[in-house]
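Written out below as structure tokens is the structure these notes cover.
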Amino acid sequence: MALVSVAEMLKDADREGYAVGAFNTNNMEIAQAIVEAAEAERSPVIMQASQGAIAYAGLEYITSMALLAASKATVPVALNLDHGTSFAQVVQCIRSGFSAVMYDGSKLSLEENIAMTRKVLEIARPVGVSVEAELGKIGGTEDDITVSEKDALFTDPDEAAVFVRETGIDCLAIAIGTAHGQYKGEPKLDFERLKKIRALTQIPIVLHGSSGVPDEAVQEAIRLGIRKVNIDTNIREAFVWAMRRELEKNPNEIDPRKILGPARSDTVETIREKMRVFGSSGRIK
Ligand code: G3H
Ligand code: 13P
Ligand code: ZN
């Protein structure tokens, strides 16, 4: 199967009311785990590469792994650029074979974000590559957000309406209380804000920083219009904890396959559990 765009994938999710998991990859084992989990769950899946992943593995390796995985897969696979901030890199990813890109102009003013996102859409849409954009500041778990800061950092529903109308993006990443990385306490999601954003935009909404968000909260967010759920930290945990366990069991092991193999298996299990929570399991016959 060829890679499918995220927009194409989210059409069914939107119709049926579930979300597709977007899992970050950095190496061969994680890429394989993502597709193995999708096959086992009969679920569509989005593989994505961050700035860090591209710097680490190289764009060609990431694209080749995803294209190979998709060509062998019997479920739909998308390859998305995660938090792209440079127009040049967006062009490189599209040329390399990505089926979707995220342009993250959340640090720009609304006007600049609209202008840059439009520029990305202008080159992506004619070649069937879908575009996700971000409004509001998602931040990291190290950033303590006070109640007064909330309005400044979280996505403003009226701005979201303007942004979607002015750009015509395929899906929108929003800030409603999640953060990238490991949480110190339990994240509190602003469901009212999500409800308003979805009502005013009517497009699939994307939840970033979803690792560590309780399953019930993720499911409530999906009920309110989240259609793509980004997971990276939980994959890192599954992978590295398994490696650590194997090394502790056998400190003299020098065969990388004996350490990375179990790490890959544990990652498959983590991703399968997520797919069941998101409701994407069993959607592909
Ligand atoms: O969006 C957040 C991802 O976890 C990116 O992290 O650039 O270290 O791969 P990374
Ligand atoms: P987590 O690492 O918190 O799961 O966030 C992933 C993400 O949002 C990637 O864009
Ligand atoms: Zn993110």
Side-chain angles (χ1 to χ4, degrees), residues 6 10 19-31 33-34 37 45-59 61-62 65-66 78-86 89-90 93 98 100-107 113 117 130-143 145 153-155 169-189 194 204-215 217-218 221-222 226-241 267 270-271 273-275 277-278:
V6 167
L10 298 189
V20 181
F23 303 98
N24 284 62
T25 186
N26 287 284
N27 60 20
M28 181 192 78
E29 284 79 8
I30 297 174
I34 292 168
V45 74
I46 300 161
M47 193 185 288
Q48 53 184 20
S50 67
Q51 300 296 312
I54 292 170
Y56 174 76
L59 193 56
Y61 271 89
I62 300 263
M65 285 189 296
L79 176 61
N80 183 43
L81 167 65
D82 189 29
H83 293 283
T85 50
S86 124
Q89 189 184 50
V90 165
C93 287
F98 279 52
V101 290
M102 173 194 190
Y103 176 72
D104 178 357
S106 61
K107 289 194 174 69
N113 194 355
T117 304
S130 59
V131 178
E132 171 184 344
E134 177 175 329
L135 202 57
K137 297 190 177 54
I138 293 161
T141 46
E142 68 282 2
D143 309 332
I145 295 173
L153 298 174
F154 285 11
T155 308
I169 47 164
D170 297 294
C171 51
L172 177 69
I174 57 165
I176 53 164
T178 59
H180 293 116
Q182 287 177 314
Y183 289 95
K184 278 177 266 170
E186 193 174 295
K188 294 265 171 300
L189 273 55
L194 168 58
I205 309 295
V206 183
L207 193 67
H208 282 244
S210 309
S211 298
V213 177
D215 291 350
V218 173
I222 293 171
I226 292 290
R227 296 290 171 254
K228 173 175 178 275
V229 180
N230 283 17
I231 299 284
D232 188 356
T233 299
N234 284 157
I235 291 180
R236 296 176 184 209
E237 289 169 344
F239 199 79
V240 174
W241 288 345
T267 305
T270 295
I271 296 173
E273 280 164 29
K274 295 289 176 194
M275 288 169 165
V277 171
F278 304 162

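All heavy atoms count here, side chains included; hydrogens, waters and symmetry mates do not. Counting starts at 1 for both ligands and their atoms, following the listed order.
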Here the atoms of ligand 1 under 4.0 Å from any heavy atom belonging to G52 are 7 (O), 9 (O)
Report the member of P187, A22, G181 with the shortest heavy-atom distance to atom 3 (O) of ligand 2. G181
Hey, which atoms in ligand 1 end up nearer than 4.0 Å to a heavy atom of H83? 1 (O)
Give the atom numbers and elements of ligand 2 that come within less than 4.0 Å of a heavy atom of H180. 3 (O), 5 (O), 6 (C), 7 (C), 8 (O), 10 (O)
Below 3.5 angstrom, do we get any N/O pair linking S50 and ligand 1? yes
Within 4.0 Å of some non-hydrogen atom of D82, the atoms of ligand 1 are 1 (O)
Considering only protein heavy atoms, which is closest to atom 2 (O) of ligand 2, and at what distance to one decimal place? T233 OG1, 2.6 Å
Can you tell me which residue and heavy atom of the protein come closest to atom 4 (O) of ligand 2, and the distance to 0.1 Å? S211 OG, 2.5 Å
For the Zn ion (ligand 3), give me the closest N/O/S atom belonging to H83, just the atom name. NE2
Does atom OH (Y183) have a neighbourhood of more than 12 heavy atoms from anything else shown, all under 6.0 Å? yes
Heteroatom proximity flag, N234 to ligand 2, N/O under 3.5 Å: no
Has ligand 2 got any nitrogen or oxygen that is less than 3.5 angstrom from a nitrogen or oxygen of I231? no
By atom name, which N, O or S atom of H208 is the nearest to the Zn ion (ligand 3)? ND1
Where's the contact between R236 and ligand 1, heavy-atom distance under 4.0 Å: side chain, backbone, both or neither? side chain
Backbone, side chain, both or neither: what part of H208 comes under 4.0 angstrom of ligand 1, heavy atoms only? neither
Shortest protein heavy-atom distance from atom 8 (O) of ligand 2, along with the residue and atom involved: G209 N, 2.9 Å
Would you say the side-chain atoms of E132 and H208 include a donor-acceptor pair closer than 3.5 Å? yes
Are side-chain heavy atoms of T155 and I176 found at a separation under 4.5 Å? no
Ligand 2 contact on N24 by region, counting heavy-atom pairs under 4.0 Å: side chain
Rounded to the nearest 0.5 Å, what separates atom CD1 in I231 from atom OG in S210? 5.0 Å
Locate the shortest heavy-atom distance separating N113 from L135; write the atom from each residue and the value. ND2-CD1, 3.8 Å
Are Q48 and M102 side-chain neighbours, meaning at least one heavy-atom pair lies under 4.5 Å? no
Subset of ligand 2 atoms that lie under 4.0 Å from at least one heavy atom of H83: 10 (O)
Taking only heavy atoms of D232 into account, list the atoms of ligand 1 that are under 4.0 Å away from them. 3 (C), 4 (O), 5 (C), 6 (O)
Give the contacting part of S50 toward ligand 2: side chain, backbone, both or neither, where contact means a heavy-atom distance below 4.0 Å. neither
What atoms of ligand 2 come closer than 4.0 angstrom to any heavy atom of H208? 8 (O), 10 (O)
Name the closest protein heavy atom to atom 2 (C) of ligand 1, giving the residue it belongs to and the distance to 0.1 Å. H180 CD2, 3.6 Å
One residue to check: R236. Relative to ligand 2, which of side chain, backbone, both or neither has a non-hydrogen atom less than 4.0 Å away? neither
The closest protein heavy-atom partner of atom 9 (C) of ligand 2 is D82 OD2, 3.1 Å
